[in-house]
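Inspection log for the structure reproduced underneath, given as structure tokens.
Chain letters run A, B, ... following the sequence lines, proteins first and then strands; every chain starts at 1.
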Number of protein chains: 2
Amino acid sequence: MSIEAPAARATTTESLLGLLSLGPLSGYEIRQLIDESIGNFWTESFGQIYPTLKRMAADGLVSVEETPDGKRRKKTYSLTDPGRERLREWLAMPVSVQVPRNELLLKLFFGNRGERSEMQRLVETRRDLLTARLARLRAIEQQITADHAGHPALPFWLMTVRYGTAETTALLGWCKDCLTTFKEMS
Amino acid sequence: MSIEAPAARATTTESLLGLLSLGPLSGYEIRQLIDESIGNFWTESFGQIYPTLKRMAADGLVSVEETPDGKRRKKTYSLTDPGRERLREWLAMPVSVQVPRNELLLKLFFGNRGERSEMQRLVETRRDLLTARLARLRAIEQQITADHAGHPALPFWLMTVRYGTAETTALLGWCKDCLTTFKEMS
DNA sequence: TAGCACATGTAATAAGTTACATGATTTT
DNA sequence: AAAATCATGTAACTTATTACATGTGCTA
């Protein structure tokens, strides 16, 4: 009868609720969908997805439909009303912020303990990575704008892409400043 | 005699090596120093620091000096030559990058499942947080520039601070764009 | 003398990745 | 016939946080 408060939950459950709000999905399909949608700022592994879906079904947040289409076995999960309610509740809750660990900055902070050329190489590598990322994000923005014109979620999806472009552009500028500093140091 | 390769190590060890390269420190002092130095992009808890220091001493990366000054018990750790060598090796290794989870973007991606005003409030809260962060970073930049003028590590320390200001400034702009979008939606 | 800062450490818990194990269906 | 893809799930391991446990010395 009594449901023990499960203590500060992770967000894996909520991310799956969100994805399932787009339509019924299997665990395998969820994994694929992540790569094509929220993959630039969120990941989930199979080791998390399958056990979490099972728990969510037990909690009544999703319903399961076994699909033995004569074909492969497959479990398709759908949001229930309590699941939709839980998603809405979570969306309205404040975002928890913690310090993200940044290994590049950690190395740079101790940069004068290493070779200057090595430190410079780390920044160059990051610059190249960010350059590729920026191109990818710009392509995504073009594509979703074209593919989902008029979709009520499009403004929200664009916000997430533009977060990436804004951040990436700024950090590319930072890389260039760093490389200038490296040149001045020698 | 044979040392089993400890498999892909975490960076807690390396962060402690870096901090100890600034001078001998106890576990407690390390925690304090983190708050005053790399706290904006790196954290370590006591639960990590103490066991890791013990392991590092066993591995010969640091030496321990018990300090029963007639005062409190205290263990002061110092880098050994193998520790310094390990730090240099790590600094030269490429930075591993993985997708950082961004809970704000996760919520915004599913934003049209919630109340528009709630989503807007999430962005406003983030804007306020970033505004405070920017002020803090600017103050730090002023202070370390004044306090450590001429210090060989200063250019590196400034790089880490400017990473923060560049990122924060860009994301503040993004917040404003989002809030404009929210206004246009209503 | 009460409370705070100093100081070290362990245990419980949480969260997540990777590798393993299994097997069906489709494509080359 | 082999390889790739679809599909589900578990086990082992790693990493980290939080809470707990303990005790000293200084200051209000």
Side-chain angles (χ1 to χ4, degrees), chain A residues 4-16 24-36 38-39 41-58 62 64-77 96-103 106, chain B residues 4-16 24-36 38-39 41-58 62 64-77 96-103 106:
Chain A
E4 294 304 300
R9 311 291 270 89
T11 36
T12 295
T13 299
E14 284 74 21
S15 68
L16 299 188
L25 294 164
S26 69
Y28 193 86
E29 289 165 340
I30 284 175
R31 183 73 200 268
Q32 291 179 315
L33 182 55
I34 287 173
D35 289 340
E36 304 161 9
I38 57 177
F41 53 83
W42 202 265
T43 54
E44 295 290 350
S45 62
F46 282 131
Q48 287 278 99
I49 292 171
Y50 286 118
T52 302
L53 284 172
K54 189 180 265 186
R55 188 157 20 89
M56 289 165 74
V62 294
V64 202
E65 201 201 346
E66 290 263 5
T67 327
D69 295 320
K71 304 286 175 179
R72 284 193 191 86
R73 70 170 172 158
K74 186 170 162 180
K75 291 184 181 178
T76 302
Y77 293 87
S96 64
V97 221
Q98 74 277 11
V99 178
R101 288 181 160 201
N102 189 320
E103 197 180 320
L106 186 64
Chain B
E4 294 304 299
R9 310 291 271 91
T11 37
T12 295
T13 299
E14 284 74 22
S15 68
L16 299 189
L25 293 165
S26 69
Y28 193 85
E29 289 165 340
I30 284 175
R31 183 72 200 270
Q32 290 179 315
L33 183 55
I34 287 173
D35 289 340
E36 304 161 9
I38 58 177
F41 54 83
W42 202 265
T43 54
E44 296 290 351
S45 61
F46 281 130
Q48 287 280 98
I49 293 171
Y50 286 119
T52 302
L53 284 172
K54 188 179 267 185
R55 188 156 20 88
M56 288 165 74
V62 294
V64 203
E65 201 200 345
E66 291 263 4
T67 327
D69 295 321
K71 304 285 177 179
R72 283 193 193 85
R73 71 170 171 160
K74 185 170 161 180
K75 292 184 180 177
T76 303
Y77 294 85
S96 64
V97 219
Q98 73 277 11
V99 178
R101 289 181 159 200
N102 189 320
E103 197 180 318
L106 187 64

Problem set entry | Atom pair distance, as rounded to whole Å: CH2 in B/Trp42 and P in D/dT17 | 10 Å
Exercise. Rounded to the Å, how far apart are A/Tyr77 OH and D/dG9 C1'?
Worked result: 10 Å
For this session: Whole angstrom is fine here: how far is it from CD1 in B/Ile49 over to C1' in D/dT17?
Result: 12 Å
Exercise. Looking across every strand, which nucleic acid part, if any, lies under 4.0 Å from A/Gln98 by heavy atom: base, sugar-phosphate, or nothing?
Worked result: nothing
Seminar exercise, completed: Those residues at least two apart in sequence (or on a different chain) that pass salt bridge (charged side-chain N to carboxylate O under 4.0 Å, His left out) with B/Arg101 are A/Glu44
Exercise. Would you say B/Tyr28 reaches C/dT8's phosphate, i.e. side-chain N/O to OP1/OP2 under 4.0 Å?
Worked result: no
Exercise. How many Å lie between CG on B/Leu16 and P on C/dT8, as a whole number?
Worked result: 13 Å
Problem set entry | Which residues share a ring-ring contact (aromatic ring centres under 6.0 Å, His included) with A/Tyr50, sequence neighbours left out | A/Phe46
Exercise. Is the shortest side-chain N/O distance from B/Gln32 to OP1 or OP2 of C/dA7 below 4.0 Å?
Worked result: no
Problem set entry | A/Lys54 vs D/dT8: side-chain N/O to OP1/OP2 distance below 4.0 Å | no
Problem set entry | Those residues that, when tested against B/Glu65, pass salt bridge (charged side-chain N to carboxylate O under 4.0 Å, His left out) (two or more places apart) | none
Seminar exercise, completed: Separation of D/dA16 atom P from B/Tyr50 atom OH, nearest Å, is 18 Å
Problem set entry | Under the side chain to side chain donor-acceptor pair (under 3.5 Å) test, residues paired with A/Thr52 that sit two or more places apart | none
Exercise. Going by heavy atoms in the side chains, are B/Lys74 and B/Glu29 under 4.5 Å from each other?
Worked result: yes
For this session: Treat primed atoms plus P, OP1 and OP2 as sugar-phosphate and everything else as base, then score nucleotides 18-23 of chain C 5' to 3': B for base contact with protein heavy atoms under 4.0 Å, S for sugar-phosphate contact only, - for none.
Result: B-----
For this session: May I have the step-by-step check of side-chain contact (heavy atoms from CB on, under 4.5 Å) for B/Thr11 and B/Trp42, ending in yes or no?
Result: CA-CA 10 Å; B/Thr11 37; B/Trp42 202 265; 3.2 Å; yes
Seminar exercise, completed: A/Leu33 atom CG is separated from D/dC6 atom C1', nearest whole Å, by 16 Å
Seminar exercise, completed: Contacts of A/Val99 meeting side chain to side chain contact (heavy atoms under 4.5 Å, CB included) (sequence neighbours excluded), chain-then-number -> B/Thr43
Exercise. Roughly, in whole Å, what's the span from NZ in A/Lys74 to C1' in C/dT25?
Worked result: 13 Å
Exercise. Does C/dG16 have OP1 or OP2 sitting under 4.0 Å from an N or O in the side chain of B/Arg101?
Worked result: yes
For this session: Check whether any side-chain N or O of B/Thr12 sits under 4.0 Å from OP1 or OP2 of D/dA16, and answer yes or no.
Result: yes
Problem set entry | Nearest-Å distance for atom pair NZ/C1', residues A/Lys75 and D/dC6 | 16 Å
Seminar exercise, completed: Of the candidates C/dT17, D/dA16, D/dT8, the side chain of A/Thr43 sits closest to C/dT17
